[in-house]
Every structure is written in C-alpha cells, then in structure tokens.
Amino acid sequence: MFHTLRRALCVAAALLLPLTGVQSARADAAAEAVGAGYWHTSGRQILDAAGQPVRIAGVNWFGFETANHVVHGLWARDYKSMIDQMKSLGYNTIRMPYSDDILKPGTMPDSISHDGKNTDLRGLTSLQVLDRIVAYAGRSGLKIVLDRHRPDAAGQSALWYTASVPESTWITNLKALATRYKGNSTVVGIDLHNEPHDPACWGCGDTSRDWRLAAQRAGNAVLSANPELLIMVEGVQSYDGTNGWWGGNLMGVAQHPVQLDVPNRLVYSAHDYATSVAQQSWFSDPSFPANMPGIWDKYWGYIFKQNIAPVWLGEFGTTLQPSVDQKWLAELVKYLRSTSAHGADSFHWTFWSWNPNSGDTGGILKDDWQTVDTAKDAYLAPIKAPGFDPGTPGPGGPGDPGGSTPTCTAAYTVGSDWGGGFNAEVKVTNTGTLPLKSWKVTWTWSGSQKVTSMWNASHTQNGATVAAVNATHNGSVPVGGSAGFGLGGAPGGGGVTGLSCTAT
C-alpha cells in the first residue's frame, strides 16, 4: 500500500426498525447480550461464545506504532471520552496498531496531557496504558483487535521481520500479548502483521518471503498461548503477476489457504483505498464505479462469497475531496452489505482512521480531535452494527481505570552479565492513588534463560515466562513509593519483553 505519509503522520447503533414497549425492551436486551465471550468462525461468519453472529464495525485508532508509543490525541482528550464518543457514533470495535517497541521493557508513552485528563495514566508504561484502554473499552461494550503494524516505530516494513527485529522477536512478542490478555475477551483477535508487500509472496514456498507460511507459524504460536483468539491474516501486494494494494491481495487463498492448528479461528483481512492515497488503474476505467465490485471480488471478496472464511476490511479511507473518492466509498459501502438487509452475514470492517492526523485520508474526527466529520460518518451509517456485551477485565487488564484500583510499574535492569549468567534488579513503583498490599511482576525472556536465584521475592517460571511475587516484608508500598527485588539467571543475555506489574 502506498501511504508512507499516512503512516508517518501518523457504538454501534443497531439498524433496526422502530420498536416500542416490550418489543423494544426485548430487542435492547438481545443487542446487549450479543458479542459476549471469545469469538470463533463458522464459514464466512464470526460468532460469539453463544453462537450468535457478530459484525465488526469499527475504527482504527493509531499511535502505539509511532514514536509516541501511545494512541494519538491524548494531548487533547481523555482516552475515556474518546472511547465514549466512538460508542456514541455506533462503532463497536477498535483496531489498535502497535509496534514491537512498546514491548521493550520500560517503554514510556509520549504526548499525553494529564492536565485534568488522563490522570490515571500518569507514570504508566505504554503497555499499561494499553491495559487501561482495553479495560475501559471492554466495559463500554467495544472490542479490540491488536494490529502488529510495524517492527519498530521507524516505519512500515515489507516483510514481517527486519535485521533488528527478527522473526523470533515478532513471534515472542505476539505470544506475550496473547498471554497478557488471556482470559480478557475484550481483545478478540490479533492482526499478525500490517500490509505485507513486495517482496512478500503468497504460496511461493520461500520461507524468507512466503507470508502465508509465516502467518501459519505466527498464528499457531499465538494460539498456543491463547487458543481463543481470532487470527487476522492480511494479503500481500502481488500474486501471480497481479498487483494490488499493500496487504490487499488475497488471490492466493484459493490455492494456498492458511492452515491453523486450532479450527475456526482464521479471519482474512484486506486493505483498500481511494485516490487520495494513490492512483490505481481501476479508477480511470470508463465503467468506474460499476467495475469496483468485480475488482473486490477478484482480490478478496470471493473468500466471503464462497463461504471460505470471514473477511475483514481492516483499513479503508479517503479524504472524500475528489468526486471519484466519493463514488468509490459509496460503492464500497454497498459492497460490504448493509446491516439492515444482511445483519452480521456481512463483511467486517474498521475505517482508517479515527485520528484526524492521517496525512492522506484524514479521519472521523476533525483537527480539533473533537468535532466529527459528519460526511464521512454518514457514508458508514448503513454498515454500522450493534455494540457488544460489556465485558470485565481479565488478566493484564486493570480494574477501574478511574484510579480507584492500586496500580504499579516495574523497571528491570541487568546489572552484570558474564555470558554464562547474569544478575538483574527489578524496581516496583506504586503509580496509583492507593497503597499497594501486594504486587506481582511478570516478564518473558527471549532465550532459554532460567532463574537460578531470587531475593526479596518468590517466583514461578513457565517456559520463558516468569512471575515474581513480593515477599512478606515488601508487599506493602505507599503511594509514590517503591520496592525491589533481585535475581540471578543463566545463561547470559537476560533482556526481557512483556514486562508488567499487577497490584492489589
């Protein structure tokens, strides 16, 4: 996909006929119950834990993938008010782009205003801010799809790995996130990598370039950590000599489908854009826009129409300035199938973007981060869908994000490393407004390291993941205070990912 500038700058109202009285109350109750628990697939549909069809109808809220290491706009708004507004407009899902940078120990967010807003985010790491967003979204009846957008904040990569972020790190971090939110069904899925493009291939068999094979490796790794998640697999750019948008070409699925170890967890994802992002040959076709359904059928729509799997249009957007873009969006909305006519037996989607600071598309919000672009929002009205059953935070999701629950952060530092082993210190800081009674720090090592000794805490280790719990004498930590513990490990190279602190 050709939108470097966009990357750099970088609830659902049920469409029901009017009902009254008891009918309306029953309809409201039914709508509230839809979406509970984890989801799975059946043919081209996504079903909730009770087997009811659901439709993803949401927005992309980007920023965790940038050098800010957090969703954008928190310099202007409180994150809770932002989520409340999404829900009020009828969006039911947030696609949350991130880079692997946020899983580096101690990564802190930038450009968050705490002046009368976001006060409960003060002092939190990027991952802990993500916890808060997940928790509040879940209580609001919105779902989250995590999108591994980039290996690092520097920019988009054609392949799922780079020299500095190898495939092993990609998979380790995906598993860390799957583990972090295990049991918290607000996070329903993970988009494995954003917009694979040339030289990425589909079905060519070259393990260094074959995105389909890489998606199987990563998808199965995620499911080994949390078998309940949906695995979102995007397309590539080119297949059999036919080029398309980055991540938008799923033609290879017909001959080379993705095969996962856990059945009914696969969702294919495409991206599609208008001329404000880049020109494509079909925009100048004399038959435009009548030619577009055939284009979409060829690249990704056939997967849905042949009942192979659900299809999620993970990104699509436009400034709506050129008339051709207006025609494109109107035709696309019609193609995605209206909720009033088809219910959840439809394509899934998340619009790019909620943010106004997307350079070649703009967003649902205007530049003040408050005012809605009512023209864009109106185009999407026919394909919005009912919101979901409000969930409760699970592991990795804190309690009330309003600040009435104890919170903590952890900092991990390797003091010495002699190759055969190392020593490290961990500092736990109370960042909340209540004293801590106890705390637990978890992390994942990227190699075969094992704890050989630990002082001022006790631990359990499961594979590469360690959980350390306070000793009796240092579990109580006052507001703003700190506690610490140390450990020895072997072999050397004891850097960690997925560092988190849970307080009670």
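Starting from 1, each residue takes its place in the sequence as its number.
- Note that Lys384 lies in the cation-pi zone of Tyr91, set by a 6.0 Å cut-off to the ring centre and a 45° limit from the axis.
- Qualifying ring pair (Phe, Tyr, Trp, His ring centres under 6.0 Å) partners for Trp312, counting only residues two or more places apart in sequence or in other chains: none.
- Taking the charged nitrogens against the carboxylate oxygens, Arg95 and Glu234 do have a contact shorter than 4.0 Å, which makes a salt bridge.
- Between the side chains of Trp160 and Glu167, at least one donor N or O lies within less than 3.5 Å of an accepting N or O.
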Next item on the list: Would you please test Trp39 and Ile56 for side chain to side chain contact (heavy atoms under 4.5 Å, CB included) and show each step?
Entry: CA-CA 11 Å; Trp39 297 351; Ile56 295 172; 3.8 Å; yes
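- Looking at Asp101 and Arg150, no side-chain N of the basic residue comes within less than 4.0 Å of a carboxylate O on the acidic one, giving no salt bridge.
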Next item on the list: Just do the side chain to side chain contact (heavy atoms under 4.5 Å, CB included) check on Leu313 and Asp272 with the steps written out, would you?
Entry: CA-CA 7 Å; Leu313 194 60; Asp272 201 271; 4.1 Å; yes
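- Residues Thr242 and Asp240 bring no donor and acceptor atom of their side chains to less than 3.5 Å of each other.
- Ring planes of Phe347 and Trp300: perpendicular class, angle over 60° (limits at 30 and 60°).
- Between the Gln461 side chain and the Val451 main chain, a donor and an acceptor come within less than 3.5 Å of each other.
- Relative orientation of the Tyr268 and Trp202 rings is tilted, given thresholds of 30° and 60° on the angle between their planes.
- For the pair Thr179 (side chain) and Lys175 (backbone), a donor-acceptor distance under 3.5 Å is present.
- Using modelled atom types and a 3.5 Å distance limit, the side chains of Asn357 and His72 yield a donor-acceptor pair.
- In this structure, a donor-acceptor pair under 3.5 Å is present between the side chains of Tyr273 and Glu315.
- None of Leu146, Ile133, Leu127, Asp147 except one satisfies the side-chain contact (heavy atoms from CB on, under 4.5 Å) rule with Phe64; the exception is Ile133.
- Aromatic ring pairs are classed by plane angle as parallel below 30°, tilted from 30° to 60° and perpendicular above 60°; the pair Trp352 and His149 is parallel.
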Next item on the list: Using the side chain to side chain contact (heavy atoms under 4.5 Å, CB included) rule, take Ile144 and Tyr181 through it: C-alpha gap first, then chi angles, then the decisive distance, then the call.
Entry: CA-CA 11 Å; Ile144 300 282; Tyr181 296 110; over 6 Å; no
Check: Can you check ring-ring contact (aromatic ring centres under 6.0 Å, His included) on Tyr239 and Trp211, steps first, answer last?
Finding: CA-CA 11 Å; Tyr239 181 79; Trp211 166 237; over 10 Å; no
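- Identified under the disulfide bond (SG atoms under 2.5 Å apart) test for residues 142-210, with sequence neighbours left out: Cys201-Cys204.
- Gly492 and Phe422 make their closest contact through CA-CD2, 4.0 Å (heavy atoms, listed as atom of the first residue, atom of the second, distance).
- Proximity of a side-chain donor or acceptor of Tyr38 to a complementary backbone N or O of Gly183 within less than 3.5 Å is detected.
- Taking all atoms of both residues into account, the shortest heavy-atom contact from His40 to Asp48 is CE1-O, 3.2 Å.
- With Asn184 contributing its side chain and Thr186 its backbone, the two residues share a donor-acceptor pair below 3.5 Å.
- Remark: the Ser500 side chain and the Thr442 side chain contain an N/O donor-acceptor pair separated by less than 3.5 Å.
- Judged purely by atom type and a 3.5 angstrom limit, Glu195 has no side-chain atom pairing as donor or acceptor with the backbone of Gly247.
- The pair Glu228-Lys182 does not meet the salt-bridge criterion, since no charged nitrogen lies less than 4.0 angstrom from a carboxylate oxygen.
- For the pair Asn249 (side chain) and Val236 (backbone), a donor-acceptor distance under 3.5 Å is absent.
- Nearest heavy atoms, Ser126 versus Pro109: OG-N, 3.4 Å.
- The minimum heavy-atom distance linking Ile364 with Lys376 is given by the pair CD1-CB, 4.3 Å.
- When only modelled atom types and interatomic distance are considered, Thr361 and Thr319 share no side-chain donor-acceptor pair under 3.5 Å.
- Between the side chains of Ser99 and Asp152, no donor-acceptor pair is found at a separation under 3.5 Å.
- With rounding to the nearest 0.5 Å, the separation of OG in Ser208 from CG in Leu159 is 7.5 Å.
- Ring-plane geometry between Trp445 and Trp443 is classed as perpendicular, the angle between the planes exceeding 60 degrees on a 0 to 90 degree scale with a lower cut at 30.
- Looking only at distances, a side-chain donor or acceptor of Gln216 sits under 3.5 Å from a matching main-chain atom of Gln259.
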Next item on the list: Apply side chain to side chain donor-acceptor pair (under 3.5 Å) to Thr465 and Thr444, showing your working.
Entry: CA-CA 4 Å; Thr465 300; Thr444 300; 3.2 Å; yes
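- Note that CD of Gln45 is 12.5 Å distant from CG of Asn264, once rounded to the nearest 0.5 Å.
- Arg44 and Gln306 are not linked by any side-chain donor-acceptor pair at a separation below 3.5 angstrom, with hydrogens and angles left out of the test.
- Checking Asp360 against Ser276 by side-chain atom types alone, no donor-acceptor pair falls below 3.5 Å.
- Using a 4.0 Å cut-off between charged side-chain N and carboxylate O, Arg148 and Asp191 make no salt bridge.
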Margin query: Applying side chain to side chain contact (heavy atoms under 4.5 Å, CB included) to Asn194 and Tyr98, what does each step give before you reach the verdict?
Written below: CA-CA 10 Å; Asn194 183 67; Tyr98 72 90; over 6 Å; no
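- Of the candidates Val145, Leu130, Thr350, Met96 forms a side-chain contact (heavy atoms from CB on, under 4.5 Å) with just one, namely Leu130.
- Atoms OG1 and CG, on Thr318 and Leu329 in that order, are 7.0 Å from each other to the nearest 0.5 Å.
- No option in Trp296, Phe316, Trp328 other than Trp296 meets the ring pair (Phe, Tyr, Trp, His ring centres under 6.0 Å) test with Tyr335.
- With Thr93 as reference, Lys143 is the one residue of Arg55, Lys143, His348, Met86 to meet the side-chain contact (heavy atoms from CB on, under 4.5 Å) rule.
- Heavy-atom neighbours of Lys440 NZ from other residues, nucleotides or ligands within 6.0 Å: at or below the threshold of 12.
- Contact record, Val188 with Ser185: CG1-O, 3.3 Å, taken as the closest heavy-atom pair.
- A salt bridge links Asp120 and Lys80; the closest N-O separation between the charged side-chain nitrogens and carboxylate oxygens is under 4.0 Å.
- The minimum heavy-atom distance linking Ala215 with Leu260 is given by the pair O-CD2, 4.4 Å.
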